[in-house]
Amino acid sequence: MNSHNAAAHPNQKPLRTLWWLFFLLYASIGVSFTFINVYYASIGLTGTQIGLLSTIGALTSMLGATLWGYLSDRTGQARLILSIGGFLAGGLFFLTPYMRTFTALLALTIGIGVFTSSAFTLTDALTLTLLGDQRGHYGRYRLGGSLGYILTASLGGFVYQRFGLTLIFPVYLVIMILLGIIALRLPVIQIPAATRQKASLKGMVTQPAWLLFILCVFLVWTASAGFLNFLGVTIQDMGGTSSLIGLAGTIAAIMEIPFMYYSGWFLQRFGVTRILWISMAFYALRLGLYSIMPSPYWVLGISALNGPTYVFFWNSAISYAFQLSPAEYKATAQGLFVATTNLSAMVGALLSGWLYDTAGPSGMFRILTLFCLAAFVLFAFNRSPRISTV
């Protein structure tokens with residue numbers, strides 16, 4: 001069995017495998033997430049029931065992310081956990097059309113949320129570990145995910161319109177089976193025995209730098225989830241078309257590509273801490289522009305900010321969490337980060353819905369802008385050592 005020491009120089013073979021792992025992982029999102037609520041509505045579920053399924057899915061993913069990260073750190077079997085999680089998530093999702101009651105769908109959603117979270121947590125952790133001192137190149141491998149999502153999300157609508165929404169489930173199953181098989185090609189991550197059990201998990205999560213980081217992630221991702229949930233609705237309320245909504249999403253996805261590819265240069269040039277801080281400022285700018293746009297067509301230009309917002313934030317945040325954590329808890333740290341984003345997604349969906357009804361679209365965006373500004377100001381007080389990619 002192949003093994004890999006985290007301190008070793010990167011091996012190109014497993015890194016190529018990770019590119020395809022990202023491709024399949026985000027292709028599965030394009031296949032399922034983009035259309036699953038449409039399927040639920042087509043079988044007669046109410047808006048409340050659909051919202052509850054989404055909330056439960058996010059909650060179980062939050063718990064699962066922390067569990068799989070910790071289990072990976074204790075066993076060193078990240079690839080096996082990821083592979084089994086992919087197989088089980090695909091199998092459970094495939095059963096969805098056969099569930100005849102809402103209770104059955106709810107139970108299935110819990111299982112899917114638990115097992116899909118293993119892939120999102122461990123793919124990032126494995127990539128950063130295998131890259132070693134070249135962690136700044138993470139974006140070049142994560143770029144596979146952007147391309148996978150663009151491909152499946154853009155083609156899915158045409159395919160499902162012709163063959164029916166039930167095609168979602170076998171396609172997703174095939175993708176997750178491939179993901180599980182490819183994951184088995186990755187090496188086992190071995191932490192030197194001398195470092196095991198020296199660090200305290202409590203010590204990691206209670207250090208001021210970690211608490212400040214998690215608070216800022218929560219604020220920014222709550223705002224991000226809020227605008228993602230209601231941007232399309234806002235465009236329609238302003239007289240925009242479904243084509244405009246789709247075009248805005250396409251522009252945002254395309255703008256990920258150059259920023260993903262060159263994110264390593266930015267991280268190397270400015271440092272992880274500074275790029276994370278800059279991304280919070282760009283998020284505040286993006287949401288502020290949404291709050292004042294006089295025409296729905298403004299969204300096309302604002303969507304181009306997806307690079308210095310989402311890409312800068314995500315790539316620098318996972319690197320910050322990785323470098324802030326001790327060797328014994330690298331995957332656990334990624335799990336806690338993913339869990340925080342899942343919690344933020346739940347809060348953001350509920351909060352933005354309430355704000356949309358009470359303050360209107362502009363008021364909602366202004367308040368979410370304040371969330372990002374608060375994170376920007378708080379992170380300025382960061383007193384941890386300056387973190388870079390080298």
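Because the structure is a prediction, the values reported are computed rather than measured.
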Residue pair [X] / [Y]: nearest heavy atoms and the distance that separates them:
X	Y	result
Met293	Thr234	CE-CG2, 4.2 Å
Phe169	Leu165	CE1-O, 4.1 Å
Ala375	Cys216	O-SG, 3.5 Å
Met260	Ser146	CG-OG, 4.0 Å
Ile81	Ser118	O-OG, 4.0 Å
Ala104	Met99	CB-SD, 3.7 Å

Applying side-chain contact (heavy atoms from CB on, under 4.5 Å), run through Leu186 and Leu18 and close with a yes or a no. CA-CA 8 Å; Leu186 295 169; Leu18 283 166; 4.0 Å; yes
State, yes or no, whether a side-chain contact exists between [X] and [Y] at a heavy-atom distance under 4.5 Å.
X	Y	result
Tyr26	Ile150	no
Phe102	Leu53	yes
Thr109	Thr96	no
Asp73	Glu328	no
Gln323	Leu128	no
Phe371	Val220	no
Tyr70	Tyr329	yes
Glu256	Asn306	yes

Indicate the ring-plane relationship of Tyr310 and Trp221, choosing parallel, tilted or perpendicular according to the 30° and 60° boundaries.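 Geometry flag for Trp221 against Tyr310: tilted rings.
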How are the rings of Tyr320 and Phe213 set relative to one another: parallel (under 30°), tilted (30 to 60°) or perpendicular (over 60°)?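 Taking Phe213 first and then Tyr320, their aromatic rings sit tilted (interplane angle of 30° to 60°).
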Is a side-chain N or O of [X] found less than 3.5 angstrom from the main chain of [Y], in a donor-acceptor match?
X	Y	value
Trp68	Ala119	no
Gln334	Leu122	no
Trp277	Phe376	yes
Ser83	Leu80	no
Ser319	Ser316	no
Ser362	Ser291	yes
Arg79	Leu184	yes
Thr127	Thr123	yes
Ser279	Phe312	no
Ser54	Ile50	yes

Could you give me the CA-CA distance, side-chain angles and deciding distance for Asn342 and Ser61, then say whether side-chain hydrogen bond (donor to acceptor under 3.5 Å, both in side chains) is met? CA-CA 7 Å; Asn342 277 295; Ser61 293; 4.5 Å; no
So, applying side-chain contact (heavy atoms from CB on, under 4.5 Å) with Thr66, which one of Leu71, Thr340, Leu336, Val338 is it?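 Only one option passes, and that is Leu336.
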Among Tyr261, Phe259, Phe22, which one satisfies side-chain contact (heavy atoms from CB on, under 4.5 Å) with Leu143?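 By the side-chain contact (heavy atoms from CB on, under 4.5 Å) criterion, Leu143 pairs with just one of Tyr261, Phe259, Phe22: Tyr261.
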Given Phe322 and Tyr138, is the ring-ring contact (aromatic ring centres under 6.0 Å, His included) satisfied, shown in steps? CA-CA 12 Å; Phe322 186 88; Tyr138 164 86; over 10 Å; no
Over-ring placement of Arg274 relative to Phe266, 6.0 Å and 45° cut-offs: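 No, Arg274 and Phe266 do not form such a contact.
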CA sep, side-chain torsions, deciding dist, call: Phe93, Met176, side-chain contact (heavy atoms from CB on, under 4.5 Å): CA-CA 10 Å; Phe93 194 79; Met176 296 306 281; over 6 Å; no
Taking a hydrophobic cluster as the set of Ile, Leu, Val, Met, Phe, Trp and Tyr residues connected by side-chain heavy atoms closer than 4.5 Å, whether directly or through intermediates, do [X] and [Y] fall within one such cluster?
X	Y	answer
Leu373	Phe218	no
Ile36	Leu155	yes
Trp354	Leu287	yes
Ile43	Leu106	yes
Leu370	Leu289	no

Take Tyr172 and Phe94 through the test ring-ring contact (aromatic ring centres under 6.0 Å, His included) and record every step on the way to the result. CA-CA 7 Å; Tyr172 183 89; Phe94 180 75; over 10 Å; no
Begin with the C-alpha distance, continue with both residues' side-chain angles, and end with the deciding distance and a verdict on side-chain contact (heavy atoms from CB on, under 4.5 Å) for Ile257 and Leu147. CA-CA 8 Å; Ile257 295 174; Leu147 296 176; 3.8 Å; yes
Got more than 12 heavy atoms from elsewhere within 6.0 Å of CZ, Phe87?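 Above 12, so yes.
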Pair Leu305-Met255, side-chain contact (heavy atoms from CB on, under 4.5 Å): steps then yes or no: CA-CA 8 Å; Leu305 291 173; Met255 287 306 297; over 6 Å; no
